Chemist: 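Below are the structure tokens for one structure; questions will follow.
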Amino acid sequence: MTAKNAEDVRIQVASEFDIIRKYFTRPAPTALLGVGDDCALLQPQLGMTLAVSTDMLLAGRHFFPDAEPGKLGPKALAVNLSDLAAMGADPRWATLAIALPEADEKWIAAFAQGFFRLAGRWQMELVGGDTTRGPLAISVTVIGEVPPGLALRRDGALAGDDIWMSGTTGEAALALAHLEGRVKLEGPVRDACLERLHAPEPRVELGGRLRGLARSAIDISDGLLADLGHVLEASGVGAELVWADLPRAKAIDCADPALAADCLLAGGDDYELVFTAPPSKRAEIESVGGDLGVPLTRIGTAVAGRPAATLRDVRGKIISSPRKGFDHFA
Ligand code: ADP
Ligand code: MG
């Protein structure tokens, strides 16, 4: 810490601990020790594998600096919950490292309230972190549990697997295009897209239910084709996708076709799951989707060959592949 004089140091230190105590200390009943010591102490359930993931959100890069703190708090946790979901892990604990330009208590209170609201939905406990002064940045680490051998890894896809995805992609990217003035959305379509961008719904329950059904999974944070590409790369298989089979939100159908295709295939910030499973699991997967009320769509097939996705029109003509780009939709 740099400070002009000793008094500055004292004031800053005091407010740092006040912030932690007042806003970031809540009961953590399943932790042996939560916030307040040098480390948290955690006891995993006997025999369970721990799944650990960290995501960082930087003002100006991952969110607008004037973003509503009440939405930013849950979003910082949601993007991490999405990683646990993609691994088929059940959320348990989290840590939060936060750099704040100033001790704006109204901001911090709204951020913390939103964070704990989402954490509470998944019985997740905040057990530690770090609080410092600096350009606004938020880093959350999540710890989950998964039964041994059942984590949904990226490298498990086999040729012949169905490729599935939850929900729809593209609306968050469309909202971003709207906020950046590249497109003008209105009414309920605009609201739906902004909601997707600011309040993503991580597919935690779905991830858990896919244990033992899916052979591989990933969450879509960087765009459908990019993230599916990671599964293909890790698994050493290709993918055949049919453009007409990709699920489309209403907003995507309304948008300019080139922008819509770009958002749908390469938008990012969707936090849906893409997963592969053998065709023998179709009925079970469909009933999971029904139970959870989460639309699940079969979008293609994993095939032997180089690890890339080929996208075809209904007549089988190749309309796009990651290497060719997406301009064929213009
Ligand atoms: P240390 O100097 O040992 O790193 P700190 O003073 O940074 O300890 O933090 C004191 C306690 O508060 C630790 O238990 C730490 O995990 C916790 N903590 C700090 N910041 C946060 C935060 N933003 N959210 C939750 N816990 C926090
Ligand atoms: Mg510290």
Side-chain angles (χ1 to χ4, degrees), residues 1-44 50-63 65-84 89-145 198-200 202 204:
M1 180 191 298
T2 56
K4 281 184 228 89
N5 55 47
E7 196 185 17
D8 268 1
V9 172
R10 207 183 57 239
I11 289 164
Q12 288 188 10
V13 168
S15 66
E16 176 193 326
F17 291 119
D18 287 347
I19 289 167
I20 296 168
R21 190 173 37 76
K22 202 162 159 196
Y23 298 107
F24 297 121
T25 305
R26 297 267 180 107
T30 79
L32 298 177
L33 192 59
V35 169
D37 211 313
D38 298 313
C39 289
L41 297 174
L42 308 174
Q43 184 67 60
L50 294 181
V52 181
S53 179
T54 300
D55 257 322
M56 190 144 85
L57 298 181
L58 302 181
R61 183 168 182 91
H62 301 100
F63 60 90
D66 62 351
E68 261 180 72
K71 297 220 157 133
L72 199 53
K75 183 167 178 177
L77 183 58
V79 302
N80 281 278
L81 280 168
S82 180
D83 286 314
L84 289 180
D90 298 325
R92 294 295 309 274
W93 304 288
T95 63
L96 166 68
I98 186 163
L100 297 163
E102 56 185 328
D104 175 349
E105 292 211 32
K106 229 177 111 201
W107 193 101
I108 298 167
F111 178 93
Q113 195 183 32
F115 184 98
F116 282 114
R117 186 178 8 90
L118 183 59
R121 260 181 60 196
W122 302 106
Q123 285 97 48
M124 222 187 184
E125 297 168 1
L126 183 66
V127 294
D130 202 20
T131 305
T132 182
R133 191 181 287 250
L136 183 58
I138 302 150
S139 176
V140 173
T141 295
V142 286
I143 302 170
E145 287 182 331
H198 294 311
V204 177

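Ligands are counted one by one from 1 in listed order, and the atoms in each one are counted from 1 as well. Excluded from the calculations below are hydrogen atoms, water molecules and symmetry mates; all remaining heavy atoms, backbone and side chain alike, are included. All values reported here derive from a predicted model rather than from experimental measurement.
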Chemist: Heavy atom to atom 19 (C) of ligand 1, shortest distance: which of Gly129, Cys39, Ala97, Ala28 holds it?
Modeler: Gly129
Chemist: Which option, Leu96, Val35, Val127, Leu33, owns the non-hydrogen atom nearest atom 22 (C) of ligand 1?
Modeler: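 Residue with the shortest heavy-atom distance to the ligand atom: Leu96.
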Chemist: How long is the straight-line distance from CD1 of Ile20 back to OG1 of Thr131, given to the nearest 0.5 Å?
Modeler: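 Answer for the OG1-CD1 pair, Thr131 versus Ile20, is 4.0 Å.
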Chemist: Identify, by atom number and element, the atoms of ligand 1 in contact range of Asp37, meaning under 4.0 Å from any of its heavy atoms.
Modeler: 13 (C), 14 (O)
Chemist: May I ask you to check whether Ile20 has an N/O atom sitting below 3.5 Å from an N/O atom of ligand 1?
Modeler: no
Chemist: Show the nearest heavy-atom pair for residues Arg117 and Gly70, with the distance to one decimal.
Modeler: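 Here Arg117 and Gly70 meet closest at NH2-O, 3.8 Å.
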Chemist: Please give me the minimum heavy-atom distance between Val140 and Ala94, naming the atom from each residue.
Modeler: CG1-CB, 4.5 Å
Chemist: So, applying side-chain contact (heavy atoms from CB on, under 4.5 Å) with Ile138, which one of Val79, Leu72, Leu77 is it?
Modeler: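 Result: among Val79, Leu72, Leu77, Leu72 is the only option passing the side-chain contact (heavy atoms from CB on, under 4.5 Å) with Ile138.
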Chemist: Under 3.5 Å, N or O to N or O, is Phe24 touching ligand 1 that way?
Modeler: no
Chemist: Run through Thr141, Leu126, Val52, Thr30 and flag the one making a side-chain contact (heavy atoms from CB on, under 4.5 Å) with Trp93.
Modeler: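 Checked Thr141, Leu126, Val52, Thr30 against Trp93; only one passes side-chain contact (heavy atoms from CB on, under 4.5 Å): Thr30.
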Chemist: Under 4.0 Å from any heavy atom of Asp38, which atoms of ligand 1 are there?
Modeler: 3 (O)
Chemist: Leu33 and Cys39: which non-hydrogen atoms are nearest, and at how many Å?
Modeler: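 That would be CD2-O, 4.0 Å.
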Chemist: Going by the atom numbers of ligand 1, which of them fall below 4.0 Å from some non-hydrogen atom of Gly36?
Modeler: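 Listed by number with element: 11 (C), 13 (C), 14 (O).
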Chemist: Show the nearest heavy-atom pair for residues Leu96 and Phe24, with the distance to one decimal.
Modeler: CD2-CE2, 3.5 Å
Chemist: Show me which atoms of ligand 1 lie under 4.0 Å from any heavy atom of Thr131.
Modeler: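 The list of qualifying atoms is 19 (C), 20 (N), 21 (C), 22 (C), 23 (N).
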Chemist: Under a heavy-atom criterion of less than 4.0 Å, does Phe17 contact ligand 1?
Modeler: yes
Chemist: Is it the side chain (CB and beyond), the backbone, both or neither of Leu126 that lies under 4.0 Å from ligand 1, heavy atoms counted?
Modeler: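 Leu126 to ligand 1: side-chain contact only, backbone stays beyond 4.0 Å.
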